Q: 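Following this message is one structure expressed as structure tokens.
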Amino acid sequence: MARDLGERNREWFARYKDDVKKEGKPFFPRAMLHDTIMGLVTILVMIGLAVVWYYDADGTEPGILGPWYTEPAEPGTTDFIPRPDWYFYFLFYLLRIFEWPETVFIATVGIPTVALVLLLGLPFYDRRPERRPSRRPVAMVAAVLTVVSMGVLTWKGATATEALGSELIELVPEWAEEQGFADDEQAVAGADLFAVSGCLNCHTYLGQGSANLGAPDLSAVGRTNDAAYFVQYLANPAQFGNTVMGSYSYLGQENLEALGAFLEASKGGG
Amino acid sequence: MAKVKTRRQLAVETAVLAPLDWIDERTGAVRGTKWFLFRNVPRDISWAQTLGFATLIAFAAQALTGAILAMYYKPSSEIDPTTGKPIAYASIEHITSELTLGWLVRGMHRWGASVFVILLFLHMGRVFLFGAYKYPRELQWITGVLLLVTGMLMGFTGYLLPWDQTAYWATVVGINLNGTAPFAGPWLAQFLAGGPEIGADTLAKWYALHMLLIPGAVIALIGVHLYLVTRLGVVSPPWSKEQAGRIRGEAPAPEGAREGLVRGSGGGD
Ligand code: HEM
């Protein structure tokens, strides 16, 4: 390198300032006019979206931009799909990719942290003064790959399907048959609860559900522990070192016991 | 030859200029505004360079519509005995279907969040394409990345507030995600949930984050960001033949070209 990088940078910036002073155009009103036009377009788009959203939907009836609101929050049931706003779909879908318990934190913390550090550090590891895209092949390829992978993840997140509680509850007789607890009323009641309480948003059971956040398959969980243990576990998973799963104590003792009976009866079928 | 001032000019001077001078003498506000407005920008800047300003406008619109919503929204998850619905939910219903133009304010705020996030990414993409994060704008880029993160946090915390099923369960999952992080994770999840279950305390906490703490951080960062862009200026499009800072006398040479040794192999190192 003929000259020191810092020196070249400073020379370039001095030239830049000189040029802007001598041949630049005034920010006000010239550049500001373009900015204002863009600002107005932005506001109009916001109003447009609001109008389409409002007039196409009605209360909880969704239009093309979704409903005004869904049913009031109710911790007890999850007959619908937990889903963040669309611009978090890419994170949301990452979880589906890293479904094994030991790898979950790669998706929840690892990748986002690495991405953030790479983004923050960009000006410090890409120090060449060259700015033309045609001369920055590495940067351009990296950018295209980032955009494509975020696009794919967002798309996958948007189209990922999860079964609703109301669909899962239909499967309870099948489960009872396979696991052999059809005659145990308490276990069947527990299975109903299991189907509608959102457990299958994280766990899998006899091939149903979505493995999320490293939650284990529960088809044969009854081989490991008994009902009393499960009741305690569900009332306070944090006590058992499980900080991912929330407490289900709000279901009440009777319901917890039903769930416990169901889990104990789940010995893997066959 | 001093021109005799008309009475009108004198009136303007005493009514407008004198108070401005008084303020400027004490604050520098007038000089500051002039510094911001009456500066030059490269003559070849492109439309893509209006995206930052558009992001600013989107944020301002969010702040305004958000302030109006805050006048009618009630952050409480308690069940209202008359309607049988959570108070927060009922207040959102009221804003949407009863309040005059409430639907417009809420709709703009709700969809404005998406517009804001899209603009953040487009603006960042433009900066990346133009290589505008390089010397001397490294800190400009860093405040930008922090704005991207805080901007998305705005969306994350605001999503819970309507207290409907979608909001509630998305947030449950979101908080649980934090719980998987090593070390601080469980603590963070506990803090965000505001208790063993997601309920009244959670809502109050998220409301405070969404309308005080995070927007405060965003506004401060925007201040630094705009100060830096005024101080350092914006770059010309890198492909422009008449870009500010070009090397004279040769073809509009790449400023980064390796000089000496191998001519024309520019851009390699
Ligand atoms: C609330 C969010 C933001 C606001 C209000 C904002 C505002 C602005 C404005 C008004 C400009 C002047 C030029 C232009 O309009 O393009 C600018 C330039 C710039 N912004 Fe942002 N910005 C935001 C977020 C970001 C983000 C997310 C990044 C990147 C990570 C970023 C990095 C930059 C850089 C490096 C420049 C200098 C560009 C140049 O010299 O051409 N900003 N910003």
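Side-chain atoms are counted along with the backbone in the values below, which use heavy atoms only and exclude waters and symmetry mates. Just so it is clear, the structure is predicted and the values come from calculations on it, not from any experiment. Here is the naming used below: chain letters follow the sequence lines, and residue numbers restart at 1 for every chain.
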Q: Decide whether A:Asn255 and A:Tyr248 meet the rule of one side-chain donor and one side-chain acceptor closer than 3.5 Å.
A: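 Short answer, no.
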Q: For atom NZ of A:Lys21, decide whether the heavy atoms of other residues, nucleotides or ligands shown that lie under 6.0 angstrom number more than 12.
A: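 Not more than 12 within 6.0 Å, no.
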Q: What part of B:Arg39 is in contact with chain A, defined as an atom under 4.5 angstrom from a non-hydrogen atom: side chain, backbone, both or neither?
A: both
Q: Please rank B:Pro86, B:Ser77, B:Pro136, B:Ala61 by heavy-atom pairs under 4.5 Å with chain A and give me the top one.
A: B:Pro136
Q: Under 4.5 Å from any heavy atom of chain A, what part of B:Phe116 do you find: side chain, backbone, both or neither?
A: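 Answer is neither: B:Phe116 stays 4.5 Å or more from chain A.
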Q: Do we see a donor-acceptor contact under 3.5 Å between the side chains of A:Trp86 and B:Ser114?
A: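 Yes, B:Ser114 and A:Trp86 have a side-chain donor paired with an acceptor closer than 3.5 Å.
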Q: Does A:Tyr69 reach the side chain of B:Arg106, with side-chain heavy atoms less than 4.5 Å apart?
A: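 The answer is yes; the side chains approach within 4.5 Å.
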Q: By a 4.5 Å heavy-atom criterion (distance strictly below it), what part of B:Val235 contacts chain A: side chain, backbone, both, or neither?
A: both
Q: Need one label for B:Pro42: side chain, backbone, both or neither, based on atoms under 4.5 Å from any heavy atom in chain A.
A: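 The answer is both parts of B:Pro42.
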Q: Not counting sequence neighbours, which residues clear side chain to side chain contact (heavy atoms under 4.5 Å, CB included) with A:Thr70? List them please.
A: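 In terms of side chain to side chain contact (heavy atoms under 4.5 Å, CB included), with neighbours along the sequence ignored, A:Thr70 is linked to A:Pro67, B:Asp164, B:Gln165, B:Thr166.
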Q: At a heavy-atom separation under 4.5 Å, does B:Tyr159 approach chain A through its side chain, its backbone, both, or neither?
A: side chain
Q: Please look at B:Leu148 and chain A and tell me whether the side chain, the backbone, both or neither of the residue comes under 4.5 angstrom of a heavy atom of that chain.
A: side chain
Q: Considering only heavy atoms and a distance below 4.5 Å, find which of B:Trp47, B:Trp163, B:Trp239, B:Phe130 pairs most often with chain A.
A: B:Trp47
Q: May I ask you to check if B:Arg137 and A:Tyr16 form a cation-pi contact, with NZ or CZ under 6.0 angstrom from the six-membered ring centre and within 45° of the axis?
A: yes
Q: Counting heavy-atom pairs under 4.5 Å with chain A, which one of B:Trp103, B:Phe128, B:Phe53 comes out on top?
A: B:Trp103
Q: List for me each residue that meets side-chain hydrogen bond (donor to acceptor under 3.5 Å, both in side chains) alongside B:Glu98, sequence neighbours excluded, and say none if there are none.
A: B:His94
Q: Against chain A, label B:Val115 side chain, backbone, both or neither, depending on which of its atoms sit under 4.5 Å from a heavy atom there.
A: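 Contact with chain A is through the side chain of B:Val115 alone.
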Q: For B:Leu129 and B:Pro238, which heavy atoms make the closest approach, and how far apart are they?
A: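 Where B:Leu129 meets B:Pro238 most closely, the heavy atoms are O-CG, 4.2 Å.
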Q: Under 4.5 Å, counting heavy-atom pairs only, tell me which of B:Gly155, B:Ala90, B:Ala167, B:Ala113 racks up the most with chain A.
A: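 Among the listed options, the one with the most contacts to chain A is B:Gly155.
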Q: Under a 4.5 Å heavy-atom cutoff, which of A:Leu40, A:Leu116, A:Leu65 has the most pairs with chain B?
A: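 Option with the top pair count is A:Leu65.
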Q: Do any N or O atoms from the side chain of A:Lys25 and from the backbone of A:Ala31 form a donor-acceptor pair under 3.5 angstrom?
A: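 No, because the side chain of A:Lys25 does not come within donor-acceptor range (under 3.5 Å) of the backbone of A:Ala31.
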Q: Between A:Leu122, A:Thr60, A:Thr146, A:Thr42, who has the most heavy-atom pairs with chain B when the cutoff is under 4.5 Å?
A: A:Leu122
Q: Against chain A, work out which of B:Leu232, B:Leu51, B:Thr55, B:Thr65 has the most heavy-atom pairs shorter than 4.5 Å and name it.
A: B:Leu232
Q: Taking all atoms of both residues into account, what is the closest heavy-atom pair of A:Met140 and A:Pro133, and its distance?
A: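 Scanning both residues, the minimum pair turns out to be CG-O, 3.5 Å.
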Q: Taking every heavy-atom pair that is under 4.5 Å apart, which of A:Asp126, A:Val41, A:Val147 has the most such pairs with chain B?
A: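 Looking at each option in turn, the highest pair count goes to A:Asp126.
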Q: Would you indicate whether B:Arg43, at its atom CZ, is surrounded by more than 12 heavy atoms from other residues, nucleotides or ligands within a distance under 6.0 Å?
A: yes
Q: Quick check on the interface: out of B:Asn40, B:Val145, B:Thr50, who has the most heavy-atom pairs with chain A under 4.5 Å?
A: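 Highest number of pairs under 4.5 Å: B:Asn40.
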Q: Against A:Phe28, only a single residue in B:Phe38, B:Phe36, B:Trp35 fulfils ring pair (Phe, Tyr, Trp, His ring centres under 6.0 Å); can you say which?
A: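 The single option meeting the ring pair (Phe, Tyr, Trp, His ring centres under 6.0 Å) with A:Phe28 is B:Phe38.
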Q: If you tally heavy-atom pairs under 4.5 Å against chain B, which of A:Arg10, A:Arg30, A:Arg127 wins?
A: A:Arg10
Q: Between A:Ala139 and chain B, with a heavy-atom cut-off of 4.5 Å, which part of the residue counts as in contact: side chain, backbone, both or neither?
A: both
Q: Within the side chain of B:Tyr168, is there an N or O that forms a donor-acceptor pair under 3.5 Å with the backbone of A:Pro72?
A: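 Judged by distance alone, no pair lies under 3.5 Å.
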Q: Is B:Glu93 close to chain A through its backbone or its side chain, or both, or neither, when contacts mean heavy atoms under 4.5 Å?
A: both
Q: Tell me, side chain or backbone of A:Tyr87 under 4.5 Å from chain B's heavy atoms, or both, or neither?
A: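 A:Tyr87 touches chain B through backbone and side-chain heavy atoms alike.
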Q: If I measure from the heavy atoms of chain A, does B:Met124 come under 4.5 Å with its side chain, its backbone, both, or neither?
A: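 It is the side chain, since no backbone atom gets that close.
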Q: Contact part of A:Phe27 toward chain B, heavy-atom cut-off under 4.5 Å: side chain, backbone, both or neither?
A: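 Answer is both: backbone and side chain atoms of A:Phe27 are under 4.5 Å from chain B.
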